[in-house]
Protein chains: 2
Amino acid sequence: MTEGAVVPEELGSADSYEDWLRERLPVRGLRGKAAAVLEVLLSQPRRASFGSAQELAQLAGVNVATVTRTAQALGFAGWPALQQELRARYLSSLSAGQVAAEHRGTGSPSSRSLRRDLDSLAVLNRRLDESVLLTIAEAMAAARHTVIVADGSYAAVGLALAHNARLAGYPVRAVTAGDAELANAMAAIGEGDVLIAISFWRLYQSTVLAANEARSRGVRVFALTDAASPALASAAEQVVIVPAEGEAFFPSLTAGIAVAQALVTQLAAVDPARTGASIEAAEAMWAKFGLLHRRPTAGDPS
Amino acid sequence: MTEGAVVPEELGSADSYEDWLRERLPVRGLRGKAAAVLEVLLSQPRRASFGSAQELAQLAGVNVATVTRTAQALGFAGWPALQQELRARYLSSLSAGQVAAEHRGTGSPSSRSLRRDLDSLAVLNRRLDESVLLTIAEAMAAARHTVIVADGSYAAVGLALAHNARLAGYPVRAVTAGDAELANAMAAIGEGDVLIAISFWRLYQSTVLAANEARSRGVRVFALTDAASPALASAAEQVVIVPAEGEAFFPSLTAGIAVAQALVTQLAAVDPARTGASIEAAEAMWAKFGLLHRRPTAGDPS
DNA sequence: CTAAAATTGCAATGTTCTTTGCAAGTTAGA
DNA sequence: TCTAACTTGCAAAGAACATTGCAATTTTAG
């Protein structure tokens with residue numbers, strides 16, 4: 001029952017867990033055994049986040065009922081409601097400790113979603129092996145063409161990647177319009193090309209098919225996905241794994257976009273002159289076509 | 001109940017969660033729905049660590065019993081036993097790299113990009129007024145149609161938003177294909193509709209035009225942008241300001257996607273029954289059209 | 001094409017966990 | 001010292017959850 005030094009890493013980081021919990025205290029504070037329960041919640045966040053009321057009660061030397069009542073005294077419906085909040089705080093303190101983003105007393109779906117994306121990005125930032133992105137960027141830079149296969153909502157990631165890569169001066173195309181377009185694109189692909197398959201959560205049949213077909217034709221294949229699946233891993237030279245867990249039913253695209261962004265940034269660094277020229281040309285065209293909005297009064301250049 | 005087996009420092013393997021899980025696989029691997037369950041465990045470690053078997057089953061599109069059986073197939077007594085292990089692994093994977101992350105060289109462009117996105121998201125999380133997202137979500141829920149105008153690379157944000165909102169059961173359409181399509185879309189818009197203009201960095205002329213036109217026709221207009229611009233602010237009922245500064249020349253879409261994600265999450269919470277039914281219907285269609293990849297031996301008919 | 005084997009969903013069963021009514025015990029104030 | 005308000009534990013009621021038997025369906029092997 002030791003485990004007193006619960007989580008050593010928590011030393012420096014401003015502890016949103018603790019602060020938050022203290023803010024919930026009723027004006028009068030908590031007395032008696034309720035205070036003992038609170039003590040346990042504060043000192044053993046890990047157990048508090050996972051354990052049953054029973055377990056916590058035992059730890060505080062208290063009856064189970066007291067745990068429930070303490071939760072209610074803190075303004076929650078019961079122990080499960082309190083625990084859910086504790087969990088969210090605790091996990092945030094683990095992963096995003098240094099950033100310590102705290103939204104006081106919220107809990108709307110949208111803010112939960114944001115917080116989770118923040119966590120995902122923190123994990124990504126920690127885990128991602130940048131050399132993989134470097135490899136992919138160099139492959140794209142050397143390729144005759146790059147084809148990005150992405151379906152469903154992941155199409156957004158593919159489009160963003162393709163768009164910016166083109167802006168950076170490389171022939172990259174996203175195929176997102178379904179099987180017919182995909183088939184046509186595959187017909188034109190061959191040695192010297194690169195294919196990037198993007199798929200989260202559920203793999204689309206045609207994405208896997210395309211990856212395998214490309215591989216067998218000597219195309220360099222890379223994959224961006226949320227969990228290494230044998231199907232893609234065997235077809236791809238490198239697999240980038242990205243957290244995509246969302247708050248609601250939908251997988252989150254945030255971390256995927258961040259990787260796309262990082263990849264393009266890396267790509268732009270491969271040949272700065274080429275990228276610079278390409279951007280300049282694009283800007284000239286935007287001006288020529290009058291695409292951009294001119295601010296009314298501000299006398300601004302460009 | 002010592003719980004000493006947790007092993008907080010597993011520094012070497014950043015991804016102990018996934019590796020560990022894969023090692024538990026029976027020789028034959030997992031087939032059919034069991035593979036789908038495994039997929040969810042791998043891709044959604046957080047939910048897997050906390051959720052009930054019921055929740056996981058729903059996520060995998062599977063009966064509850066299958067979750068239990070999968071746990072047993074992996075060599076555990078049942079779901080709780082597996083979950084306990086998953087939790088320990090997941091938590092250590094969260095905290096393990098934290099120390100290492102500090103030292104990690106901030107060298108390559110890609111990692112700088114990631115770090116910057118992380119900062120942006122932290123700022124967003126702190127600054128964003130969630131009531132604005134709530135307002136927009138409710139407007140979308142009540143609208144006859146919602147049209148999202150987004151051009152350039154921001155089209156990705158618009159598409160992601162539209163895609164998921166449709167999945168959630170609402171008639172939302174992204175207009176991203178240029179001025180001609182935009183003009184057509186504007187012709188059909190009117191009172192009772194909602195328009196969301198998405199534009200970062202540089203405003204597209206046509207986006208501003210569309211917003212103003214919509215406004216004058218009694219459409220509720222909202223904007224998602226990176227800096228309050230008078231042109232959009234005057235046309236929009238509410239403006240969501242999102243950090244979009246990128247490492248390279250390109251504006252970052254990461255924070256924008258995160259907002260889109262948060263918005264859809266909020267939207268899905270407006271009428272859970274409607275969203276639930278919509279998702280179920282979509283899943284049925286995916287299955288019917290055979291879009292999803294099937295894991296096991298390739299004995300599948302078309 | 002047929003039979004055996006395996007897979008999966010449904011629904012009943014049994015378990016664990018949370019909450020609450022009640023009574024005993026404690027504290028504070030008159 | 002006595003009483004009223006409050007706290008706490010016990011135990012039963014109630015809810016959520018995991019597991020398993022059974023039947024229907026699909027897959028595999030002959």
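Bear in mind that the values here come from a model prediction, so they are computed numbers and not experimental data. The sequence lines fix the lettering, A, B, ..., with proteins before strands; numbering per chain opens at 1.
Here Ser52(B) lies in heavy-atom contact (under 4.0 Å) with sugar-phosphate atoms only. Among the atoms of the strands shown, only primed sugar atoms or phosphate atoms (P, OP1, OP2) are found under 4.0 Å from some heavy atom of Ala53(B). Using a 4.0 Å heavy-atom criterion, one finds that Thr66(A) contacts the sugar-phosphate atoms exclusively.
Minimum atom distance to the side chain of Val62(A) is reached by dG9(D), of the listed dG9(D), dT20(D), dT20(C). For Pro80(A), whose side chain is taken as the heavy atoms from C-beta onward, the closest listed nucleotide among dT8(C), dC10(C), dT19(C) is dT19(C). Nearest nucleotide to the Trp79(A) side chain, out of dT18(C), dT19(D), dC10(D): dT18(C). Residue Arg69(B) places its side chain closer to dT8(C) than to any other of dT8(C), dC10(D), dT8(D).
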**Item:** Full working for side-chain contact (heavy atoms from CB on, under 4.5 Å) between Tyr154(A) and Thr225(A)
**Value:** CA-CA 10 Å; Tyr154(A) 331 129; Thr225(A) 181; over 6 Å; no
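Between Val259(B) and Leu124(B) the shortest heavy-atom distance is CG2-CD2, 3.7 Å.
Expressed to the nearest 0.5 Å, how far CE of Met140(B) lies from CG of Leu263(B) amounts to 5.5 Å. For the atom pair CG of Asn212(A) and CG of Leu195(A), the computed distance is 10.5 Å after rounding to the nearest 0.5 Å.
An OP1 or OP2 oxygen of dT20(D) is reached within less than 4.0 angstrom by a side-chain nitrogen or oxygen of Gln72(B). Note on Asn63(B): a side-chain N or O is less than 4.0 Å away from OP1 or OP2 of dC10(C).
Rounded to whole Å, the distance from CD on Gln84(B) to P on dT16(C) is 14 Å. Put simply, CG on Leu82(B) is 17 Å from P on dC17(D), counting in whole angstrom units. Computed from coordinates, the Gln54(A) CD to dA16(D) C1' distance equals 16 Å when rounded to whole Å. Atom P of nucleotide dT19(C) and atom CD of Gln83(A) are separated by 10 Å, given to the nearest angstrom.
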